[in-house]
Amino acid sequence: MNRNSFFLYITVSLAVLIPVPGRFAYGIIIIAAIDFLMITAVLFNKLLVILEFKTLKPVCILLFLVCSAVLFKQLIILYSPVFGLALGILLFLPVIAVLMLSNFFENHDISLTESLKENMSEAAWFSAYACIFFLLREIVGYGTITFPAPSGNVKLVFPSLPYFSPFVFFASVPGGIFLAGILLVLFSGIKRKCMIICRSSELREENNHVD
């Protein structure tokens with residue numbers, strides 16, 4: 001993870017992850033929204049490229065993402081009205097994440113496969129980071145893990161982690177910022193090593209073809 005990606009993750013975390021309640025169930029829905037919006041936006045962006053619709057491309061993508069967020073919110077309401085009511089306008093925050101994580105506005109023409117690979121790869125990395133963030137935030141803050149269900153949260157309580165008030169700090173907004181910072185440092189190191197390993201494998205394959 002380079003310097004720009006590091007600050008990008010910080011910005012997206014502050015804008016999208018921190019405002020969400022410190023429950024894993026809510027985090028799962030936000031992560032699903034990011035992935036849903038990313039894949040639909042990639043397809044829509046390719047359609048705009050085919051139609052050579054360049055003048056109002058940023059506006060069209062923004063409007064499409066908002067409409068997709070409305071559709072996703074309606075799907076969540078159909079699945080569980082409780083979650084639709086609890087998250088409310090927070091379900092539109094993934095629009096910010098997709099706009100910042102994607103490469104829709106870069107001036108290069110790539111195939112749909114490459115666009116899906118690049119954008120969904122970035123979305124997958126951020127989804128993994130967000131999943132760990134929401135999971136640890138609830139475990140440390142409340143000693144529980146909640147999962148979304150049509151009737152509400154399904155809660156798994158850890159008997160060995162009793163409710164202890166100092167730990168609730170991590171479920172709050174300041175605690176979430178502190179936890180996000182720690183995870184981001186660790187996650188950036190892991191991502192950097194994974195990218196080095198992948199790059200080494202690619203170079204090894206290229207050398208084998210040359211030989």
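Values below: every heavy atom of this structure, side chains too, minus hydrogens, waters and symmetry copies. All values reported here derive from a predicted model rather than from experimental measurement.
- Other residues, nucleotides and ligands contribute at most 12 non-hydrogen atoms within 6.0 Å of the CZ atom of Phe178.
- Atoms CG and CD1, from Leu17 and Ile30 in turn, are 8.5 Å apart once rounded to the nearest 0.5 Å.
- Checked by atom type and distance alone, the side chain of Ser121 never pairs as donor or acceptor with a backbone atom of Glu118 at under 3.5 Å.
- With contacts defined as side-chain heavy-atom distances shorter than 4.5 Å, the pair Asn119/Ser115 qualifies.
- For the atom pair CG (Leu116) and CE (Met38), the distance works out to 10.5 Å, reported to the nearest 0.5 Å.
- The minimum heavy-atom distance between Arg137 and Val20, with the atom names listed, is NH1-O, 3.2 Å.
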Subject >> Step-by-step side chain to side chain contact (heavy atoms under 4.5 Å, CB included) determination, Phe44 to Ser68 >> reply: CA-CA 11 Å; Phe44 182 73; Ser68 298; over 6 Å; no
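- With contacts defined as side-chain heavy-atom distances shorter than 4.5 Å, the pair Leu136/Phe170 does not qualify.
- Side-chain atoms of Thr144 do not come within 3.5 Å of backbone N or O of Val157 as any donor-acceptor pair.
- Distance CG/Leu37 to SG/Cys67: 11.0 Å, rounded to 0.5 Å.
- Looking only at distances, no side-chain donor or acceptor of Asn153 sits under 3.5 Å from a matching main-chain atom of Pro148.
- Residues Phe147 and Lys155 fail the side-chain proximity criterion, which asks for heavy atoms closer than 4.5 Å.
- Side-chain contact between Ser13 and Tyr129: present, with at least one pair of heavy atoms (C-beta onward) separated by less than 4.5 Å.
- A single hydrophobic cluster is not seen to contain both Val154 and Val82; linkage of ILVMFWY side chains at heavy-atom distances under 4.5 Å, directly or through other members, places them apart.
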Original post:
Going through the checks in order, is the ring pair (Phe, Tyr, Trp, His ring centres under 6.0 Å) test met by Tyr26 and Phe134?
Top reply: CA-CA 8 Å; Tyr26 298 124; Phe134 284 115; 9.2 Å; no
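- With a 6.0 Å radius and a threshold of 12 heavy atoms from other residues, nucleotides or ligands, Leu48 has its CG atom above the threshold.
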Original post:
Could you go step by step and tell me if Val59 and Leu63 meet the side chain to side chain contact (heavy atoms under 4.5 Å, CB included) rule?
Top reply: CA-CA 6 Å; Val59 177; Leu63 291 176; 4.0 Å; yes
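- With Arg23 contributing its side chain and Ile145 its backbone, the two residues share no donor-acceptor pair below 3.5 Å.
- Taking SG of Cys60 as the start and CG of Asn45 as the end, the distance is 10.5 Å to the nearest 0.5 Å.
- Screening Leu179, Leu93, Ile177 for a side-chain contact (heavy atoms from CB on, under 4.5 Å) involving Ile18 leaves a single residue, Ile177.
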**OP:** Test Leu112 against Val42 for side chain to side chain contact (heavy atoms under 4.5 Å, CB included), laying out the working first.
**Re:** CA-CA 8 Å; Leu112 177 60; Val42 169; 4.1 Å; yes
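- Looking at heavy atoms from C-beta onward, Ile61 lies out of side-chain contact with Phe64 at the 4.5 angstrom threshold.
- Listed for the Glu138 side chain is a donor-acceptor partner under 3.5 Å among the backbone atoms of Thr146.
- To the nearest 0.5 angstrom, Cys131 atom SG is 6.0 Å from Leu135 atom CG.
- Looking at Lys57, its side chain does come within 3.5 Å of a backbone N or O of Phe104 through a donor-acceptor pair.
- Surrounding OH of Tyr79 are more than 12 heavy atoms belonging to other residues, nucleotides or ligands, all under 6.0 Å away.
- Between Asp35 and Ser127, the closest side-chain pair of non-hydrogen atoms falls below 4.5 Å.
- Environment of CG in Leu78: crowded, with over 12 heavy atoms of neighbouring residues, nucleotides or ligands closer than 6.0 Å.
- When atom types are taken as modelled, the side chain of Thr40 and the backbone of Phe36 share a donor-acceptor pair closer than 3.5 angstrom.
- To the nearest 0.5 Å, atom CZ of residue Phe24 and atom CD1 of residue Ile31 are 6.5 Å apart.
- Using a 4.5 Å heavy-atom cutoff, the side chains of Ile77 and Phe83 are not in contact.
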